[in-house]
Amino acid sequence: MFSAEFRCASGCGGGFPLDQIIYRCPTCGGLLEVVHDLDALRTRSAADWRALFAERWKSVDEPWGSGVWGKHEWVAPQLDPRNIVSMLEGGTHLAPLPRYAGELGVGEVRVKQCGTSHSGSFKDLGMTVLVSMVKQMIAEGRPIRAVACASTGDTSAALAAYAAAAGIRAVVILPRGKISTAQLVQPLAAGALVLAIDSDFDGCMRIVQELADRDGVYLANSMNSLRIEGQKTVAIEMVQQLDWVVIPGGNLGNVSALAAGFDMMIALGVIPDRRPRICVAQAANASPLYASYSNGWADLVPVVAETTLASAIQIGNPVSFAKAVRALKAYNGVVEVATETQLVDASARADRHGLFTCPHTGVALAALEKLAAAGTIGKTDRVVVISTASGLKFADFKIGQHTGSSRFANKPVELPNRYEAVRDAMLARLDDK
């Protein structure tokens with residue numbers, strides 16, 4: 001009854017099945033997107049969709065308790081549920097930060113804690129869809145030797161975990177020495193073939209695309225629109241009316257995924273046509289989208305990304321640039337940047353409100369703080385910041401926050417083994433305003 005297919009994101013004619021091995025439009029070379037039969041979906045009322053999603057929400061019945069597969073009909077309707085590979089991804093907490101909102105002078109701030117998903121990042125939302133489709137393709141006799149990705153850490157962790165669960169070989173290509181130890185060990189632990197090369201992410205991406213074209217592996221990066229279908233469910237989980245969503249951006253698949261989720265809910269009447277504004281936050285050292293935005297949405301000028309603590313978004317030639325620009329224009333979006341000092345301070349400041357943020361979330365929080373200070377985000381606005389990964393993956397970053405020069409550094413107090421010394425130090429700190 002329900003169906004979806006790949007179509008050219010730039011509007012070229014023709015459609016392609018979701019189980020076809022295709023990543024770009026054969027006419028223009030642009031990226032594809034998944035398009036659903038909305039007329040078929042409208043045969044079920046908005047109220048019925050809301051009731052169905054509510055019934056499945058965090059259900060113990062597999063795989064419907066997944067934040068992704070609870071929306072199976074809106075994601076990959078032709079996928080046989082027997083081929084779904086799920087780790088109960090999604091359904092993550094939308095944490096309220098009332099004191100932080102008060103400090104910034106905005107109405108409400110919540111942080112969507114995508115880092116509590118199975119492998120520790122939002123990448124699980126897309127990888128469950130992609131690996132499940134590959135499992136179905138292999139079951140139907142497609143000669144797929146392995147699934148491969150270029151990664152700055154989180155994509156490789158998600159791919160390796162889901163591929164291992166499905167019994168599919170995974171190959172990950174990483175920039176040597178440029179990801180955290182925690183991110184490196186995740187694909188190793190899951191048994192993936194890890195190839196660390198002397199390049200940055202963009203160099204890794206060029207190689208993995210060539211492997212997909214020539215050597216029989218299936219491409220798992222976000223230029224594969226199956227990933228976007230899973231990632232869009234984060235928008236569906238945030239179905240409350242919002243004024244702003246702030247999301248960190250590197251390869252930029254995440255912002256188009258966010259818009260795709262809102263688009264479907266509006267088209268099917270699940271939420272009213274009241275579009276939140278979207279801000280993409282980039283590290284200043286890797287900000288080609290910001291350069292385009294600052295120049296009136298000029299064409300992408302790829303850059304060699306400089307080193308940033310936000311290593312997962314250290315990308316100078318984002319493959320989803322055109323789709324991201326389209327999404328931002330549709331949602332009256334803006335782009336903001338954060339320096340290294342700003343992202344460190346914003347991350348440490350938010351941790352004082354009970355979080356444990358990764359550096360990429362620090363970029364988004366710094367952008368929020370700058371937009372609030374400028375009055376772009378107003379005193380009554382409600383904001384959701386997308387936290388893309390767990391801070392536990394970035395222990396060195398967190399240690400650096402509190403041993404460096406951040407104004408929010410909280411250094412341990414080393415004392416002799418004497419009651420008086422401990423008491424005096426404690427009372428001095430407690431009395432310190």
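Computed from heavy atoms alone, side chains included, the values below leave out hydrogens, waters and symmetry copies.
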Is any side-chain heavy atom of [X] closer than 4.5 Å to a side-chain heavy atom of [Y]?
X: L268; Y: M265; answer: no
X: C204; Y: S151; answer: no
X: W297; Y: V335; answer: yes
X: F397; Y: V344; answer: yes
X: I197; Y: L174; answer: no
X: V245; Y: L258; answer: yes
X: D19; Y: R142; answer: yes
X: C279; Y: W244; answer: yes

Tell me which pairs pass ring pair (Phe, Tyr, Trp, His ring centres under 6.0 Å) where either residue lies in residues 170-192, with sequence neighbours left out.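 Passing the test, one end in residues 170-192: no pairs.
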
Residue pairs passing the ring pair (Phe, Tyr, Trp, His ring centres under 6.0 Å) test where at least one lies in residues 8-42, sequence neighbours excluded: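 Qualifying pairs: Y23-Y218.
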
Quick check against the 3.5 Å criterion: does [X] have a side-chain atom that pairs as donor or acceptor with the backbone of [Y]?
X: T128; Y: L125; value: no
X: D37; Y: D39; value: yes
X: K393; Y: A389; value: no
X: D80; Y: R82; value: yes
X: R277; Y: N332; value: yes
X: T152; Y: A312; value: yes
X: T339; Y: Q342; value: yes
X: D124; Y: H118; value: yes
X: S390; Y: G120; value: no
X: R227; Y: G126; value: no

Verify the distance criterion only: is there a donor paired with an acceptor across the side chains of [X] and [Y] at less than 3.5 Å?
X: Q186; Y: S119; value: no
X: Y100; Y: E369; value: yes
X: K71; Y: T233; value: no
X: D345; Y: S406; value: yes

What class does the angle between the rings of Y331 and F262 fall in, given that below 30° is parallel, 30 to 60° is tilted and above 60° is perpendicular?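 Taking F262 first and then Y331, their aromatic rings sit tilted (interplane angle of 30° to 60°).
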
Candidates E340, Q314, H360, Q282 - the one meeting side-chain hydrogen bond (donor to acceptor under 3.5 Å, both in side chains) with T308: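 Per the side-chain hydrogen bond (donor to acceptor under 3.5 Å, both in side chains) rule, the option paired with T308 is E340, out of E340, Q314, H360, Q282.
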
Is it the case that atom CZ in R145 sees more than 12 heavy atoms from other parts of the structure closer than 6.0 Å?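 Not more than 12 within 6.0 Å, no.
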
Within a reach of under 6.0 Å around CG of D48, are more than 12 heavy atoms found that belong to other residues, nucleotides or ligands?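 Enclosed: over 12 neighbouring heavy atoms sit under 6.0 Å from CG of D48.
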
Apply salt bridge (charged side-chain N to carboxylate O under 4.0 Å, His left out) to residues R326 and E33 and explain how you reach the verdict. CA-CA 12 Å; R326 183 183 66 179; E33 61 186 353; 2.5 Å; yes

Scan [range] for pairs that pass salt bridge (charged side-chain N to carboxylate O under 4.0 Å, His left out), counting only residues two or more places apart or in two chains.
range: residues 1-18; answer: E5-R7
range: residues 53-70; answer: R56-E73
range: residues 256-271; answer: D263-R275
range: residues 168-186; answer: R176-D198

Considering residues at least two apart in sequence or located in another chain, which fulfil the side chain to side chain donor-acceptor pair (under 3.5 Å) criterion with [X]?
X: E140; value: none
X: N83; value: Q136
X: T92; value: K112

Can you name the residues that form a side chain to side chain contact (heavy atoms under 4.5 Å, CB included) with N410, not counting sequence neighbours?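 Side chain to side chain contact (heavy atoms under 4.5 Å, CB included) check on N410 returns R352, H402, R429.
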
For E306, enumerate each residue passing the side chain to side chain contact (heavy atoms under 4.5 Å, CB included) test, keeping only those at least two apart in sequence or located in another chain.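 E306: side chain to side chain contact (heavy atoms under 4.5 Å, CB included) contacts with N285.
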
I would like to know whether T357 and S347 meet side chain to side chain donor-acceptor pair (under 3.5 Å); could you show each step before the answer? CA-CA 6 Å; T357 49; S347 175; 2.5 Å; yes

Let me confirm one number: the [atom1]-[atom2] distance from [X] to [Y], rounded to the nearest 0.5 Å.
X: Q183; Y: T155; atom1: CD; atom2: OG1; answer: 9.5 Å
X: L188; Y: T181; atom1: CG; atom2: OG1; answer: 10.5 Å
X: M133; Y: N224; atom1: CE; atom2: CG; answer: 9.5 Å
X: I278; Y: L242; atom1: CD1; atom2: CG; answer: 10.5 Å
X: D396; Y: S180; atom1: CG; atom2: OG; answer: 7.5 Å

For K135, enumerate each residue passing the salt bridge (charged side-chain N to carboxylate O under 4.0 Å, His left out) test, keeping only those at least two apart in sequence or located in another chain.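 By the salt bridge (charged side-chain N to carboxylate O under 4.0 Å, His left out) rule, K135 matches no residue at all.
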
For the student: nearest non-hydrogen atoms of S222 and N251, plus distance: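 In this case the closest contact between S222 and N251 is OG-ND2, 3.8 Å.
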
Looking at A366 and A338, what are the two nearest heavy atoms and their distance?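 Smallest interatomic distance, heavy atoms only, reads CB-CB, 3.6 Å.
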
Hey, mind stepping through M238 and L94 against side-chain contact (heavy atoms from CB on, under 4.5 Å) and telling me if it holds? CA-CA 8 Å; M238 300 187 305; L94 196 60; 4.3 Å; yes

What do you reckon, are the aromatic ring centroids of F53 and W74 less than 6.0 Å apart?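 Yes; W74 has its ring centre under 6.0 Å from that of F53.
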
Ring centres of F2 and W49 under 6.0 Å apart?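 Centroid distance F2-W49: below 6.0 Å, so yes.
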
Test side-chain contact (heavy atoms from CB on, under 4.5 Å) on L97 and L355; report intermediate values, then the result. CA-CA 9 Å; L97 302 179; L355 301 180; 3.6 Å; yes

Should I386 and N254 be marked as a side-chain contact (heavy atoms from CB on, under 4.5 Å) after you check the CA-CA gap, both sets of side-chain angles, and the distance that decides it? CA-CA 10 Å; I386 306 296; N254 49 6; over 6 Å; no

Worked check of side chain to side chain donor-acceptor pair (under 3.5 Å) between S66 and E89: CA-CA 5 Å; S66 157; E89 53 286 316; 2.6 Å; yes

